[in-house]
There are 2 protein chains.
Amino acid sequence: MENKIKIVHYEDNNHLREGMVFLMNATPNLDLVGSFRDCMQLENQIKTLKPDVVLMDIDMPGRNGIEAVKILKEIAPQTQVLMLTVFEDEDKIFATIRNGASGYLLKNTSPTEIIEAIFDIYNGGSPMTASIARKVLSFFQQQNKLTKTDYKLSERENDILKGLVKGYSYKLIADELFISIDTVRTHIRHVYDKLQVNSKSEAILKALREGLV
Amino acid sequence: MENKIKIVHYEDNNHLREGMVFLMNATPNLDLVGSFRDCMQLENQIKTLKPDVVLMDIDMPGRNGIEAVKILKEIAPQTQVLMLTVFEDEDKIFATIRNGASGYLLKNTSPTEIIEAIFDIYNGGSPMTASIARKVLSFFQQQNKLTKTDYKLSERENDILKGLVKGYSYKLIADELFISIDTVRTHIRHVYDKLQVNSKSEAILKALREGLV
DNA sequence: GCAAAAATCGCACATTGATGTGATTTTTCG
DNA sequence: CGAAAAATCACATCAATGTGCGATTTTTGC
C-alpha cells in the first residue's frame with residue numbers, strides 16, 4: 001500500500017487508551033501518531049500531527065468529544081472523525097453527527113471491527129454500530145408517521161395557524177387576513193381546542209413538529 | 001436457536017433471485033418462505049407468509065420497490081425491510097428510508113455480508129453499505145453548514161432558550177432552573193437582543209430553524 | 001488582582017395573549 | 001330548504017409577556 005493511515009486517538013481511560021495503542025501498532029497500514037487523555041490541546045495536536053482519522057471518546061474531562069468534533073472539523077474538515085463511546089442516547093448521537101462525525105461505534109465493538117471501521121471511514125464510508133444506525137434511520141421515518149394525525153382545522157383556522165408559525169402577533173394576523181383582532185382570537189381558541197394546547201408557543205411547536213403547516 | 005427467521009424476497013432478475021434462493025437455503029436459521037419477481041401480489045403474499053424480513057429490489061416491473069415498502073409497512077409494520085439494489089442516488093435512498101426500510105445494501109455486497117445483514121436487521125440494527133451510510137449522515141451535516149451563525153449566547157441564556165423551545169412559560173423556566181422569574185426575564189431580554197427578535201414565538205422559531213438548541 | 005462578562009434579583013408599566021360569554025352572517029351539504 | 005359548521009365581531013377580565021431602569025454577586029480571563 002502507498003501510505004499508512006495516520007491516526008490520533010482521544011480517550012481518558014488509561015486502560016482503553018493503552019489497549020488501542022497496542023491494537024493500532026499491531027495493525028499494518030495504520031500509523032498511530034498520537035494518543036491523548038483529553039482534548040485540551042486539540043488544535044495544536046491536529047495542526048501538528050495532521051491525522052487522516054481521529055478516534056474520539058465523548059466523555060472526557062475538560063472539553064467533551066462533542067465540542068471537540070466541532071472544533072476539529074473547523075480546522076481540519078478533511079479529517080474523518082470516528083466516535084468511540086458508551087453513550088447511546090439520541091441527543092449525543094445527533095449532536096456529534098451534526099458536528100461532523102462520520103462514524104459512531106459503541107465501545108463494546110470488537111477490535112477487529114474497530115480496525116475495519118477505520119479503513120471504512122478512511123475510504124468514505126460511515127461505520128455505525130447496528131443500533132446507532134437504526135436510530136439514525138428512525139429519524140427520517142418519524143416525519144411520515146406523524147402526518148397522520150388530522151386535527152381537522154378549518155381553512156381559516158389553518159390560515160391563523162400559519163400566521164402564528166410566521167411569528168406574527170394577533171394584530172398582524174388580523175391585518176394580513178383583513179379581519180378584526182377579535183375574530184383572530186376566536187379562531188385561535190378553536191385551534192387551541194383542536195390541537196389540545198393553551199399557548200401560542202405550544203401551538204407553534206406542535207404545528208412545526210407535526211408538519212401541520 | 002428457537003426460531004428461524006422467515007424471509008420473503010423480491011427481485012426481478014432470475015439469476016440473482018436464484019442465487020439468493022440458493023444462499024438462503026444453505027444458511028441455517030434462515031427460512032426463505034417466498035421469492036418473487038414482482039410486487040404485484042405483495043399484500044396477499046405478506047399477509048399469508050408473514051415474513052420477519054423482506055429483501056426488496058428497487059427496480060421491478062409493475063410496482064417498484066419504493067412504493068412496495070410503503071404499502072408493506074402499512075400492512076405489516078413489524079416486518080423489517082432490507083433494500084438490496086444497484087441504485088445509489090440520494091432520492092431513491094431517502095425515499096425508501098422514509099417509507100420505512102431499515103437497511104440498504106448495494107448489490108455488489110458479498111453473500112456473507114448479506115446474510116449478516118439479515119440477522120442484523122432482525123435484531124434491530126440497520127445494515128447499510130458504507131457509501132449509503134455516509135450519504136445518510138451527510139444529510140444531517142448539511143443543516144449545520146448553511147446556518148452556522150453564532151449568536152454567542154451564554155450558557156444560562158441557552159438554558160432559557162431551551163426552556164422556551166419546550167413551550168414553557170417564564171414561571172416554569174424559573175422553577176426548572178431554580179431562579180426567580182425576574183432573572184428569567186433578564187436572560188430573555190439578552191437572548192432577544194442577541195437573536196434580534198422581540199417575542200417568544202420569534203425566538204422559538206429562530207432557535208428551531210437554525211438549530212440553536 | 002482587577003476589569004469584563006455573566007448570573008442573579010427587583011419593580012413598574014404597557015402590550016399582548018388566554019379565556020368566558022355572548023352575537024350575527026355565510027357557507028356547506030344532506 | 002334548513003340544520004350544522006364556519007366565519008365574523010364585541011366586550012370583559014385576568015394572566016403572561018416585553019421592556020425600561022435599576023441593583024448586587026459570581027465567574028472568568030488576562
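As the structure is a computational prediction, the values presented were derived from the model and not from experiment. First the proteins, then the strands, lettered A, B, ... as listed; each starts at 1.
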Inset, instruction - Report yes if a side-chain nitrogen or oxygen of B:Tyr192 is closer than 4.0 Å to either non-bridging phosphate oxygen (OP1 or OP2) of D:dT19; otherwise report no. - result: no
Inset, instruction - Determine whether the side chains of B:Tyr151 and B:Glu157 contain a donor N or O and an acceptor N or O closer than 3.5 Å. - result: no
Legend entry - Proximity to the side chain of B:Ser180 - top-ranked nucleotide from C:dG10, D:dT17, C:dA18: C:dG10
Legend entry - Polar side chain donor-acceptor pair, B:Tyr10 to B:Gln45, under 3.5 angstrom: yes
Legend entry - Atom-to-atom span, CG of B:Asn158 to P of C:dA7 - whole angstrom: 10 Å
Inset, instruction - From the options C:dA18, D:dA10, C:dC9, select the nucleotide whose nearest atom is closest to the side chain of B:Asp182. - result: C:dC9
Legend entry - Rounded interatomic separation in angstrom, taking CD1 from A:Ile204 and C1' from C:dA18: 14 Å
Inset, instruction - Give the rounded distance in Å between these two atoms: CG of A:Asp159 and P of D:dA6. - result: 14 Å
Legend entry - A:Lys171 NZ to D:dT17 P, straight-line distance once rounded to whole Å: 22 Å
Legend entry - Phosphate OP1/OP2 of C:dT8 contacted by B:Thr183 side-chain N/O (<4.0 Å): no
Inset, instruction - Establish, with yes or no, whether the OP1 or OP2 oxygen of C:dT8 is under 4.0 angstrom from a side-chain nitrogen or oxygen of B:His187. - result: yes
Inset, instruction - Find which nucleotide of DNA chain C each of B:Lys152 and B:Ile179 is nearest to by heavy atoms, and output the residue with the more 5' nucleotide. - result: B:Lys152
Legend entry - Criterion side chain to side chain donor-acceptor pair (under 3.5 Å) against A:Lys107, the qualifying member of A:Asp57, A:Thr129, A:Thr85, A:Asn13: A:Asp57
Legend entry - Rounded interatomic separation in angstrom, taking CD1 from A:Ile181 and C1' from C:dT15: 10 Å
Inset, instruction - State which of C:dA7, D:dT8, C:dG17 makes the closest approach to the side chain of A:Arg156. - result: D:dT8
Inset, instruction - Using a heavy-atom cut-off of under 4.0 Å over every strand shown, decide if B:Ser169 touches base, sugar-phosphate, or nothing. - result: sugar-phosphate
Legend entry - Length of the line joining A:Glu155:CD and D:dA5:C1', which is rounded to integer Å: 14 Å
Legend entry - Residue whose closest nucleotide on DNA chain C lies nearer the 5' end, B:Leu153 versus B:Phe178: B:Leu153
Inset, instruction - Flag the pair B:Lys162 and B:Glu176 as a salt bridge only when some basic side-chain nitrogen lies within less than 4.0 angstrom of an acidic carboxylate oxygen. - result: no
Inset, instruction - Take atom CD1 of B:Ile160 and atom C1' of C:dT8, then tell me their distance rounded to the nearest Å. - result: 11 Å
Legend entry - Candidates C:dA7, C:dT19, D:dT8 - which lies nearest the side chain of A:Arg185: C:dT19
Legend entry - Rounded interatomic separation in angstrom, taking CG from A:Leu177 and C1' from D:dA6: 15 Å
Inset, instruction - Check if the side chain of A:Arg189 and the base of C:dT21 share a donor-acceptor pair of N or O atoms closer than 3.5 Å. - result: yes
Legend entry - B:Asn198 vs B:Thr186, nearer the 5' end of DNA chain D by closest nucleotide: B:Asn198
Legend entry - Exam field: side chain B:Asn123 to backbone B:Phe119, donor-acceptor pair closer than 3.5 Å: yes
